[in-house]
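Every heavy atom of this structure was used, including side-chain atoms; hydrogens, water molecules and symmetry mates were not. Both counts, for ligands and for their atoms, begin at 1 and track the order of listing.
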Amino acid sequence: HLSIIDTANTIDYSNGEIKGESLINATKYLKELPNIFEDQQSFENTDPNKIIYEVQAFLPVKEGLEGGLFFGKTIIYPGKIGDEYFMTKGHFHEKPDRGEFYWGIQGEGILLLMDKNRNTWAEKMYPGSLHYINGHIAHRTINIGESILSFGACWPSDAGHNYQEIMDNGFSARLKEIKGKPQLIPVR
Ligand code: F6R
Ligand code: ZN
């Protein structure tokens with residue numbers, strides 16, 4: 001007879017946690033993010049082993065395979081370096097025509113987006129917000145709240161990550177807390 005089986009993987013909708021097989025976990029410490037924050041003094045005065053964000057991903061196929069999908073969850077802890085909130089490195093996809101979905105699960109954030117011509121804009125993230133990130137668009141997430149920001153992501157297994165462009169040139173705007181409120185400030 002034909003059997004009905006349980007899936008190997010599950011997701012907890014309350015916090016986005018994925019359980020099961022083919023999972024990877026990555027912890028991003030402040031010391032691994034030297035070119036992200038503008039305020040060098042605050043960067044040096046903060047514990048280098050402070051965890052800024054954590055990524056979990058379900059990779060059911062090999063990285064680079066055309067036609068597959070990856071499913072991830074990111075949590076960003078609350079905090080600031082100078083007047084900038086904790087955020088991800090941010091990246092373009094290596095294959096620039098590969099898009100991605102993000103969706104807010106917990107907390108309050110900003111999705112910072114930038115096209116190839118360095119035009120930057122931003123979307124609010126909150127539990128239930130849903131974001132389609134076109135290929136060709138760099139993306140970075142920022143926790144503007146006082147609790148954990150968690151969000152889900154789904155992207156093609158052959159998208160790849162181009163971190164270098166953002167490492168070298170950053171985004172064309174920075175999100176800063178000014179008089180207690182997040183504000184986008186153009187760079188130079
Ligand atoms: C995958 C993706 C997310 C991020 C994660 C961490 O394409 O966009 O899973 O990888 O939110 O951000 P980065 O990769 O910029 O450190
Ligand atoms: Zn991405």
Side-chain angles (χ1 to χ4, degrees), residues 9 11 15-18 22-37 43 50-79 81 84-116 120-127 129-145 148-175:
N9 290 77
I11 177 166
N15 59 14
E17 198 183 331
I18 309 159
S22 309
L23 300 182
I24 57 114
N25 288 283
T27 303
K28 300 290 175 190
Y29 299 93
L30 184 63
K31 63 187 175 196
E32 297 171 70
L33 309 167
N35 299 321
I36 302 301
F37 300 98
F43 177 82
K50 193 163 180 62
I51 297 174
I52 307 299
Y53 63 101
E54 290 173 343
V55 184
Q56 202 197 12
F58 172 29
L59 312 180
V61 295
K62 259 184 94 174
E63 193 138 25
L65 182 91
E66 192 180 322
L69 290 171
F70 290 159
F71 192 93
K73 179 209 75 166
T74 302
I75 64 177
I76 308 178
Y77 290 94
I81 300 294
E84 284 183 289
Y85 309 91
F86 286 2
M87 59 176 130
T88 60
K89 282 201 277 187
H91 58 270
F92 284 98
H93 288 165
E94 207 167 282
K95 283 197 179 163
D97 60 351
R98 299 302 196 264
E100 182 162 7
F101 278 117
Y102 274 9
W103 57 96
I105 299 170
Q106 284 177 295
E108 215 191 329
I110 293 287
L111 171 58
L112 193 64
L113 299 157
M114 182 175 75
D115 68 19
K116 287 283 174 203
T120 294
W121 68 102
E123 295 177 1
K124 286 182 188 177
M125 297 181 90
Y126 50 87
S129 68
L130 182 58
H131 312 265
Y132 179 67
I133 303 164
N134 249 295
H136 305 272
I137 303 297
H139 38 291
R140 160 181 283 169
T141 44
I142 306 165
N143 185 351
I144 59 167
I148 279 173
L149 172 73
S150 78
F151 63 93
C154 186
W155 68 101
S157 47
D158 65 344
H161 295 99
N162 170 6
Y163 289 104
Q164 201 59 50
E165 174 67 23
I166 298 300
M167 283 286 215
D168 293 346
N169 302 311
F171 281 73
S172 62
R174 288 187 174 275
L175 190 73

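Of the candidates Asn143, Ile148, Ile52, Ile148 is the only one forming a side-chain contact (heavy atoms from CB on, under 4.5 Å) with Tyr77. Applying the side-chain contact (heavy atoms from CB on, under 4.5 Å) test between Met114 and each of Ile166, Asn169, Ile137 identifies Ile166 as the sole match.
Counting only heavy atoms from C-beta outward, the side chains of Asp115 and His136 never approach each other to under 4.5 Å. Using a 4.5 Å heavy-atom threshold, the side chains of Tyr102 and Cys154 count as separate. Phe58 has its side chain out of reach of Lys73: every pair of non-hydrogen atoms, C-beta onward, lies at least 4.5 Å apart.
Residue Lys50 places its NZ atom among 12 or fewer non-hydrogen atoms of other residues, nucleotides or ligands, all under 6.0 Å distant. Other residues, nucleotides and ligands place more than 12 heavy atoms under 6.0 Å from the NZ atom of Lys116. For Glu63, the CD atom counts as loosely surrounded, since its 6.0 Å shell holds 12 or fewer non-hydrogen atoms of other residues, nucleotides or ligands.
Using a 4.0 Å heavy-atom cutoff, His93 is listed among the residues neighbouring ligand 1. Between Val55 and ligand 1 there is a heavy-atom distance shorter than 4.0 Å. At least one heavy atom of Phe151 sits under 4.0 Å from some atom of ligand 1.
In this structure, the side chain of Arg98 does not engage the main chain of Gly135 through any donor-acceptor pair within 3.5 Å. Not a single donor-acceptor pair under 3.5 Å links the side chain of Ser150 to the backbone N or O of Ile105.
If you check the side chains of His161 and His93, you find no donor sitting under 3.5 Å from an acceptor.
Summary of contacts: the protein heavy atom closest to atom 3 (C) of ligand 1 is Tyr102 OH, 3.5 Å. Looking only at protein heavy atoms, the nearest one to atom 10 (O) of ligand 1 is His91 CE1, 3.7 Å. Protein heavy atom at the shortest distance from atom 16 (O) of ligand 1 is Tyr53 OH, 2.5 Å. Nearest protein heavy-atom neighbour of atom 1 (C) of ligand 1: Glu100 OE2, 3.1 Å.
For Lys28, no nitrogen or oxygen atom sits less than 3.5 Å from a nitrogen or oxygen atom of ligand 1, counting backbone and side chain alike. Checked by distance only, ligand 1 and His161 come closer than 3.5 Å through their nitrogen or oxygen atoms. Checking only distances, Gly90 does come within under 3.5 Å of ligand 1, N or O to N or O.
Only the side chain of Tyr163 comes within contact range of ligand 1, with a heavy atom under 4.0 Å; no backbone atom does. With a heavy-atom cut-off of 4.0 Å, Arg140 does not touch ligand 1 at all.
Pro127 approaches Gly107 most closely through the heavy-atom pair CD-O, 3.3 Å.
From Lys89, atom NZ reaches atom CD1 of Ile36 across 7.5 Å, with rounding to the nearest 0.5 Å.
Around the Zn ion (ligand 2), protein N, O or S atoms at a distance under 2.8 Å total 4; waters are neither shown nor counted.
The contact set between ligand 1 and His139, taken as ligand atoms under 4.0 Å from a residue heavy atom, comprises 8 (O). Per-residue contacts place Thr74 under 4.0 angstrom from the following atoms of ligand 1 (heavy atoms of the residue considered): 5 (C), 11 (O).
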